[in-house]
Amino acid sequence: MQFLQLFISGIAQGCIYGLIALGFVLIYKATETVSFAQGELMMLGAFFGLAAMGGLGFPFWLAVLSAIGAMALFGLVLEKVVIRPILGQPAFSIVMLTIGIGYVARGLVTMIPGIGTETRTLPVPYKDQAWNVGGLVLNVEQMVVIAATALLCALLYAVFRYSKVGLAMQAASQNQLAAYYMGIPVKRLNSLAWALAAGVAAIAGLLLAPITFVHANMGFIGLKAFPAAVVGGFGSLPGAIAGGLVIGVVESLSGFYLPEGFKDTAPYIVVLVMLVVLPNGLFGEKLRKKV
Amino acid sequence: QQQGVSKSEILIGTIQDLSGPIAAFGKQARMGMQLRVDEINEQGGIQGRRLKLAVEDSAYDPKKAVLAAQKLVNQDKVFLIAGHIGTAQNMAAMPVQFEKNIINFMPITAAREMYEPLHRLKYSFAATYYDQIRTALPKLVKEKNAKKVCTLYQDDDFGLEVQRGAEAGLKAVGMDVGEKTTYKRGATDFSSQVAKLKASGCEVVVLGTIIRETIGAIAEARKTGYNPTFLGSSAAYTDLIHKLGGKAVDGLYATMTVQHPYLDEASQPIRFWATKYKTKFNEDPTVFSVYGYSIVDQFARVAQKAGPNLTTDSFIKAMDGMTFEPDIFGSPISTYTATKHLGNELSRLSQIQDGRWKVVSDYVRP
Amino acid sequence: MTSNPPAVSDLPVLRLSNVESAYGPIKAIRGVSLQVRRGEIATVLGANGAGKTTILKTISGILDPRKGSIAFKGEDITARDPAWIVQEGLCHVPEGREVFPLLSVRDNLLMGAYTRRDRDGVARDLEAVYRYFPVLKERATQDAGLLSGGQQQMLAISRALMAAPHLILLDEPSLGLSPKLTREIFEIVVRINRERGTTLLLVEQNANMALATADYGYVLENGRIVMEDTCARLREKEDIKEFYLGVKEAGVRGERRWKKKKTWR
Amino acid sequence: MPTQTTDTLLSARHLGVRFGGVLAVNDVSFDVRRGEVLTLIGPNGAGKTTVFNLISRIYNPTTGSIAFEGRPLTRQPPHRIAALGIARTFQNIELFEHASVLHNLLVGRHTHRRTGVLHDMLFTRSARAAEVEAREKVERVIDLLDLQHHRDATVAGLPYGVRKVVELARALCTEPKLLLLDEPSSGLNVEETGDMAFWIQDIRAELGITVLMVEHDMSLVSRVSDRVVAMNQGEVVAIGTPAQVQRDARVVEAYLGPSEGVAPAPEAIR
Amino acid sequence: MRFVFKTTYEQDIRLAKHAGHVFWYGLLLVLLVAAPLLLPEYLLAQLTFILIYGIVGLGLMLLAGFTGLFSIGHAAFFGVGAYAQAALTGLGWPFPLALAAGAALSAAVGVVVGLPALRVKGIYLGIATLSFGFIVQEVFARWESVTGGNVGKSVGAVRMFGWTADTARSFYLVCLVLAVLATLVCANLLRSPTGRAFVAIRDSEISAQSMGIHLARYKTLSFAISAALAGVGGALYAHQIRFLSPDQFDIVQSIDLLLMVVIGGLGSLHGAFLGATFLIGLPQAISGVKDYLPEAVGQAPGLKAVVYGGVLVAFVLFEPLGLYGRWVKVRTYLMLFPFYRRGMFRRQKAFQKSERLR
Ligand SMILES: Nc1ncnc2c1ncn2[C@@H]1O[C@H](COP(=O)(O)OP(=O)(O)OP(=O)(O)O)[C@@H](O)[C@H]1O
Ligand SMILES: Nc1ncnc2c1ncn2[C@@H]1O[C@H](COP(=O)(O)OP(=O)(O)OP(=O)(O)O)[C@@H](O)[C@H]1O
Ligand SMILES: [Mg+2]
Ligand SMILES: [Mg+2]
């Protein structure tokens with residue numbers, strides 16, 4: 001029973017990691033860069049949701065939709081203003097850029113008087129509810145995260161696997177030059193990818209808000225989602241979820257059964273072990289250059 | 001020639017976290033200090049000298065704290081540094097100050113290193129987390145008739161102080177800490193910690209937690225149907241706890257040294273003060289505003305007493321032998337002597353009742 | 001093959017006037033003017049580093065020219081977005097293959113048809129391409145990055161065919177292909193030109209083949225066009241014979257060889 | 001043509017490698033004799049490059065073995081191959097893009113380094129001497145291949161043809177016994193191909209380096225090679241002199257195509 | 001442009017390529033040696049930090065800029081050096097001995113961290129080093145007998161053979177000597193086969209290997225040298241800051257270090273020191289001007305993060321080659337002066353290519 005309850009908690013927490021990791025993988029698949037700003041986008045999404053509910057008095061669902069919309073728009077603008085100009089530079093430049101964007105986003109939010117340094121809650125309708133199923137406590141907030149994560153993952157998977165646009169995104173990330181030669185609108189797709197990523201981040205932010213609260217530093221949880229994405233295999237969407245679950249469960253179990261200190265390092269130990277045993281993660285493709 | 005003191009001005013420095021993880025507190029402390037500085041200047045200053053506050057940002061990073069201290073001490077040439085926030089930050093900055101005979105006045109951290117070992121340039125005002133828990137816990141254990149006490153604390157110097165306080169307090173009544181659990185700063189998931197506490201059947205849980213973690217841990221416990229008595233330190237004594245935590249955190253105890261200045265507080269002077277603060281900064285005051293305010297206030301009183309020839313030595317002379325009577329925020333009497341550089345080691349217990357902090361005990365005498 | 005030229009209209013599909021391109025401080029082409037008429041196969045000959053690839057890159061918008069202008073079907077396309085230029089009907093088979101290494105061969109081909117909307121047409125062209133290069137059909141599901149060099153070259157050419165463009169720029173299509181396939185490639189080039197009326201601009205080291213296939217030729221040296229004429233006439237010129245077709249007297253060669261030896265000692 | 005010795009430098013026996021469903025190389029056996037130029041020909045995808053990759057230990061053979069100077073290669077780690085005396089070029093050019101030509105060639109001297117890291121850090125007298133010597137050797141290769149003009153240029157900006165030569169130069173800098181050239185003339189025009197032919201002959205004659213190459217330009221093949229191995233679909237279909245192989249029906253069928261199989265262009269035969 | 005007529009190979013090998021180099025670097029060194037006499041104490045302390053971070057930057061530059069391996073866990077090595085120094089000098093070891101031991105220990109840890117680098121690349125390596133950083137930080141917090149755990153640990157002044165560098169000036173000189181030595185070591189490495197092997201690995205692993213470069217050995221070596229330099233920097237840091245706690249060596253520190261070399265200019269040794277100047281100088285510059293800004297901006301929390309991030313974004317957008325790249329352009333402009341042509345440094349369209357296959 002104890003074990004089961006811990007396991008379920010782990011799954012739920014893992015879905016949170018998986019949800020954030022989805023954002024990483026999405027950007028990676030579409031642009032082959034790693035966005036260190038994903039956590040901050042999530043934070044902004046949560047603040048948008050807060051503004052919509054608190055400031056504009058929208059009902060919950062409308063607030064969610066408008067926050068996602070606003071963030072997608074924000075992603076578009078962000079891409080246009082700072083990422084577009086260096087499109088085509090080595091991926092590492094863009095990684096650095098996202099770190100910079102993260103700093104600026106966090107700093108700017110902190111600068112808003114009366115809001116920036118505060119911690120707030122998002123009044124979701126399902127707050128603080130729990131189901132009791134045969135002695136197990138299922139947290140509604142977490143169940144919503146699980147459902148949303150599964151849905152989102154399936155959706156994104158379909159886009160990348162079957163749609164022409166999804167394929168073209170991957171093509172552009174693998175060889176931008178060739179993509180241009182084929183008439184693939186690389187820039188537009190890039191905008192689309194960032195808009196999508198910002199939208200996904202907004203969803204993550206809104207779903208996480210009841211659990212982590214809304215504050216300028218809430219994006220730091222993204223650091224735990226990196227191991228999740230790596231364990232799953234960085235380019236794989238189902239891998240992101242699987243990796244998240246592994247990390248979540250390991251964390252939960254090691255917190256209970258292992259000595260103090262292991263709970264926080266367990267995910268990182270798992271990553272290191274994983275990289276030694278399966279360097280490409282659970283679902284990552286084995287890549288080899290042919291010469 | 002004493003640095004930082006001119007004919008017309010006294011320059012004091014402070015180092016706050018203005019862009020790091022506890023920027024919220026740093027900002028409030030700064031505003032509290034500024035409020036008192038402005039008041040003093042309006043009233044004609046200290047011995048005819050205006051007071052000026054130089055603020056540096058440490059971003060809660062010891063390296064930046066050192067650089068900030070170096071700037072304040074060697075470049076801006078402040079008279080002393082007051083209300084510096086953070087334990088590690090203070091530890092890193094103090095050597096820089098002491099080299100130049102600059103006092104570290106009332107840092108905003110309740111660690112024992114702020115006055116121990118005794119140093120002529122170190123002064124601290126607040127009962128340490130260690131003392132708070134050490135004195136409050138036995139009382140609560142007796143009241144609740146608890147058999148088993150556990151701890152959940154943040155895995156850093158702050159959390160450790162709480163944990164050690166709990167150990168010492170329990171030892172005094174012949175008990176041991178039942179289960180020790182920790183988490184890392186910024187953690188959001190407490191399921192395994194709470195599971196552990198629940199499994200061991202603790203009736204009182206001492207929380208070495210700050211804000212979000214306090215709420216997160218209590219909420220997790222309530223959801224899993226585990227309802228022990230929770231006791232936090234003054235770090236958890238902020239209005240954010242009940243604002244964010246809602247119903248779940250009702251019943252939480254916390255030790256505290258100064259009272260939270262609610263805008264609709266029953267006590268008239270506090271209400272007046274809080275309104276003044278809100279008018280000036282357009283933000284609600286918190287205990288950190290009060291800390292900042294009191295620190296500058298106490299500085300001014302000592303400087304006044306030190307007389308027109310203000311130097312580090314004359315300030316220390318005035319300070320060693322100073323007694324501060326209780327102020328409007330209900331702090332206890334605190335005294336300083338040449339061998340006692342901690343104002344007092346007393347704290348009170350508060351409890352969240354109906355979504356707001358209520359003082360539930362007088363100062364607990366150890 | 002060239003005995004029966006198709007209906008070449010005098011209207012240029014592509015016209016470069018005085019184009020100058022540079023990589024940083026290095027000027028690669030200086031004032032190149034050329035035109036390709038509708039329905040013809042044009043070719044650019046030149047030594048290594050003469051700037052042939054640079055001309056093609058400038059046309060397809062990969063490189064922005066410093067000076068001059070480029071017009072495609074009467075429209076100015078100078079320094080436009082490369083993707084837009086392709087959508088206008090200009091497709092470029094780049095030097096060095098440039099396949100999408102982690103997509104399957106089939107997906108690579110479909111990406112070639114990205115700009116097209118007619119599903120049936122795409123399916124038909126896919127079959128046609130598979131007929132030209134059966135090995136691509138065999139390997140349809142394999143990652144393109146794992147194909148052999150020559151197979152990747154086939155894929156790169158096929159991908160351009162999938163776009164069904166008005167004008168194809170071919171940069172060294174025979175690179176790394178077996179002699180048999182090299183000839184087949186040129187046959188395909190001619191067929192596409194004759195059957196679909198596609199215009200082609202061809203850059204090729206195998207000058208023999210290029211001059212036999214193309215209608216009109218330009219000779220590029222150090223970034224400048226030094227000669228242009230119909231291919232039939234170019235083939236007769238002494239210089240062309242010596243430097244591009246390899247018909248030369250032994251004496252010149254022998255001398256160089258001796259010089260080489262001396263430097264080595 | 002210099003006289004050939006018959007002693008075997010490298011021998012491949014029953015080599016086979018499989019990638020998933022693709023049998024890229026299947027039961028391939030051949031010998032490379034010391035001092036000869038041996039050419040692998042075959043249609044695209046025949047497995048020629050894969051044979052090179054097997055020799056340079058980038059792939060592990062599924063079956064069979066390779067011996068170099070009588071020693072089995074299959075147990076050597078990939079980075080030892082160069083030290084044993086085998087250098088190669090790549091079909092798709094693998095240079096150090098962000099370094100100068102000189103720098104690229106100096107890396108080619110790596111197997112001849114005599115100083116350890118500590119000497120390098122302190123740049124001791126011996127490190128300095130080794131460095132001067134390395135540069136002398138490299139300059140000689142630069143002279144041989146006429147690269148003076150590009151000596152300090154960054155590789156990234158060089159035209160395709162020059163890069164091919166730089167790759168050859170880098171391989172020569174390792175002072176190999178066996179040189180593997182993957183399509184040395186692809187991307188070169190007739191004149192440059194001619195130069196390449198002379199270089200290959202020089203390398204063999206003057207430097208005594210054995211050459212194993214893959215090549216599609218039959219005029220070059222006939223001009224420089226002593227023997228030719230023809231492959232198709234991973235298998236060896238013919239071994240012999242260039243003229244013999246070019247007359248082989250299967251080679252004509254699969255590789256040369258009907259019209260050219262009869263005789264190579266006259267000037268290619270010397 | 002300056003043309004140097006070369007007559008011997010020696011000229012290619014020398015560190016200073018021409019008389020101008022000798023003059024300018026000589027002048028710089030003279031100024032640095034004279035700095036304790038010229039600068040006020042506060043600026044000297046900053047300069048000391050710059051030298052310390054410069055040493056760490058050199059190491060990271062070697063790893064990231066020249067070998068192409070990105071480490072997001074460098075604070076771990078930095079911390080190992082710092083704690084080793086604290087522990088060993090605490091036991092009474094003389095400074096040079098403790099320093100050497102600390103550097104060796106860091107290098108050993110570097111070798112361990114380098115192990116995953118043999119199998120993984122790119123983002124995977126980044127996450128592996130990041131994970132390692134977290135684990136090492138946890139060790140700092142848990143190994144209380146040596147590190148003092150979360151309570152922290154105090155560090156004394158530099159002491160060796162009866163001499164104590166307990167003033168800011170004397171300690172600055174210690175740092176200067178070590179920084180110069182570290183720079184020379186790195187410059188030497190880069191002009192020798194080892195350095196070339198690093199660059200080869202960065203550009204093409206497969207062909208580096210076929211040139212006889214033992215990938216595993218050189219990657220590990222790069223990690224070890226880089227970690228050792230970080231360890232030396234950490235040791236000096238320990239003396240400079242005099243109080244160590246685990247949270248000084250967290251992910252933020254690691255990212256700061258990485259940003260430092262990027263802003264300085266990846267692939268140049270100058271960049272390490274330019275980046276360090278930037279990292280230390282910027283916060284000071286901000287706090288210098290913030291008092292002149294309107295209250296709502298100047299006193300707002302978060303200002304520093306915004307400026308810091310903004311500058312980083314601006315660098316990536318406008319000067320991807322970092323401070324050193326900018327300096328090269330300025331220098332070229334001056335040297336070419338009236339003949340400088342516009343567009344000479346114009347950024348070309350560039351096209352990203354998958355780095356998964358390398
Ligand atoms: N990326 C680059 N950076 C700098 N210079 C370049 C770059 N690409 C090409 N060049 C230079 O531009 C000139 C022309 O190159 P280009 O590739 O167009 O020649 P090419 O005629 O296609 O040669 P090849 O037959 O070898 O393909 C060459 O001198 C080359 O050095
Ligand atoms: N790593 C690999 N994974 C899967 N298939 C591979 C791999 N390497 C080679 N192949 C396959 O093996 C076959 C032989 O490839 P190889 O590169 O040896 O051909 P090649 O003879 O060099 O041809 P070309 O003349 O076109 O270069 C090809 O069909 C190729 O697709
Ligand atoms: Mg070209
Ligand atoms: Mg091949």
Side-chain angles (χ1 to χ4, degrees), chain D residues 52-53 56-58 77-90 93-99 102-124 127-128 130-136 138-139 152 155-156 167 170-171 173-174 176 180, chain E residues 3-4 6 8-15 62 65-66 68 107 181-222 224-225 228-229 266-267 321 348 350 353 357-358:
Chain D
F52 273 27
N53 286 342
S56 51
R57 301 279 302 114
I58 292 173
H79 62 263
R80 286 278 303 149
I81 298 302
L84 290 177
I86 303 179
R88 73 171 287 181
T89 66
F90 294 87
I93 304 189
E94 291 283 338
L95 286 167
F96 308 118
E97 291 284 319
H98 304 289
L102 183 68
H103 199 114
N104 266 275
L105 302 196
L106 282 169
V107 174
R109 297 292 307 168
H110 188 86
T111 47
H112 298 277
R113 69 174 300 183
R114 277 181 277 120
T115 54
V117 188
L118 275 179
H119 283 282
D120 283 358
M121 275 185 190
L122 305 176
F123 217 66
T124 53
R128 186 177 291 269
E131 191 63 23
V132 170
E133 191 195 310
R135 279 168 196 265
E136 270 170 24
V138 165
E139 294 297 342
D152 295 311
V155 169
E167 258 214 334
R170 187 180 64 180
C173 283
T174 66
L180 310 179
Chain E
F3 286 102
V4 181
K6 290 176 186 152
T8 64
Y9 297 118
E10 285 278 339
Q11 260 166 313
D12 263 344
I13 299 171
R14 246 173 240 151
L15 279 180
L62 220 48
F66 290 98
L181 284 180
T183 312
L184 284 179
V185 163
C186 288
N188 280 339
L189 271 181
L190 289 178
R191 60 175 167 160
S192 61
T194 313
R196 285 195 292 267
F198 290 162
V199 175
I201 291 175
R202 177 190 72 189
D203 281 3
S204 166
E205 287 196 3
I206 239 167
S207 74
Q209 184 176 320
S210 71
M211 290 298 115
I213 294 170
H214 190 338
L215 295 183
R217 178 181 304 155
Y218 280 90
K219 283 183 178 181
T220 315
L221 183 66
S222 183
I225 297 176
L229 284 171
L266 276 179
L321 298 176
Q348 284 167 40
K353 214 164 186 175
L357 300 168
R358 209 152 50 97

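Predicted, not measured: the structure shown is a model, and the values here were computed from it. Proteins get letters first, then strands, A, B, ... in listed order; numbering begins at 1 in each. Note: hydrogens, waters and symmetry copies are ignored here, and every other heavy atom, side chains too, is used.
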Exercise for review: Mind ranking D/Thr174, D/Thr89, D/Leu106 by heavy-atom pairs under 4.5 Å with chain E and telling me who comes out on top?
Suggested key: D/Leu106
Point to revise | Part of D/Ile81 within contact of chain E (heavy atom distance under 4.5 Å) | key: neither
Review point. Is chain D contacted by the side chain of E/Phe198, its backbone, both, or neither, given a heavy-atom distance below 4.5 Å?
Key: neither
Review point. Are any of the side-chain heavy atoms of D/Val107 and E/Val199 separated by less than 4.5 Å?
Key: no
Practice item. Using only heavy-atom distances, determine whether the side chains of D/Arg113 and E/Ser192 contain a donor-acceptor pair under 3.5 Å. Key: no
**Study point:** Beyond-backbone contact of E/Ser210 with D/Glu94, side-chain heavy atoms, under 4.5 angstrom
**Key:** no
Point to revise | Test side chain to side chain contact (heavy atoms under 4.5 Å, CB included) applied to E/Pro193 and D/Arg109, D/His112, D/Glu131, the passing residue | key: D/Glu131
Review point. In Å and rounded to the nearest 0.5 Å, what is the CZ to OG distance from D/Phe90 to E/Ser204?
Key: 6.5 Å
**Study point:** Side chain, backbone, both or neither of E/Ala208 within contact of chain D (heavy atoms, under 4.5 Å)
**Key:** both
Check your understanding: Measuring heavy-atom distances to chain E, does D/Leu84 have an atom under 4.5 Å in its side chain, in its backbone, in both, or in neither?
Key -> neither
Check your understanding: Are D/Val117 and E/Leu189 close enough that some pair of their side-chain heavy atoms sits under 4.5 Å apart?
Key -> yes
Check your understanding: For E/Leu190, is it the side chain, the backbone, both, or neither that has a heavy atom closer than 4.5 Å to a heavy atom of chain D?
Key -> neither
Check your understanding: Can you say whether E/Leu181 sits under 4.5 Å from chain D via the side chain, the backbone, both, or neither, judging by heavy atoms?
Key -> neither
**Study point:** Contact summary for D/Thr111 and E/Gly212, nearest pair of heavy atoms
**Key:** CG2-CA, 4.0 Å
Practice item. Output the option from E/Met211, E/Arg196, E/Arg217 having the highest count of non-hydrogen pairs under 4.5 Å with chain D. Key: E/Arg196
Review point. Looking only at heavy atoms, which two atoms of D/Glu97 and E/Asp203 are closest? And how far apart?
Key: N-OD2, 3.3 Å
Practice item. Could you tell me how the ring of D/His79 sits relative to the ring of E/His214: parallel (under 30°), tilted (30 to 60°) or perpendicular (over 60°)? Key: parallel
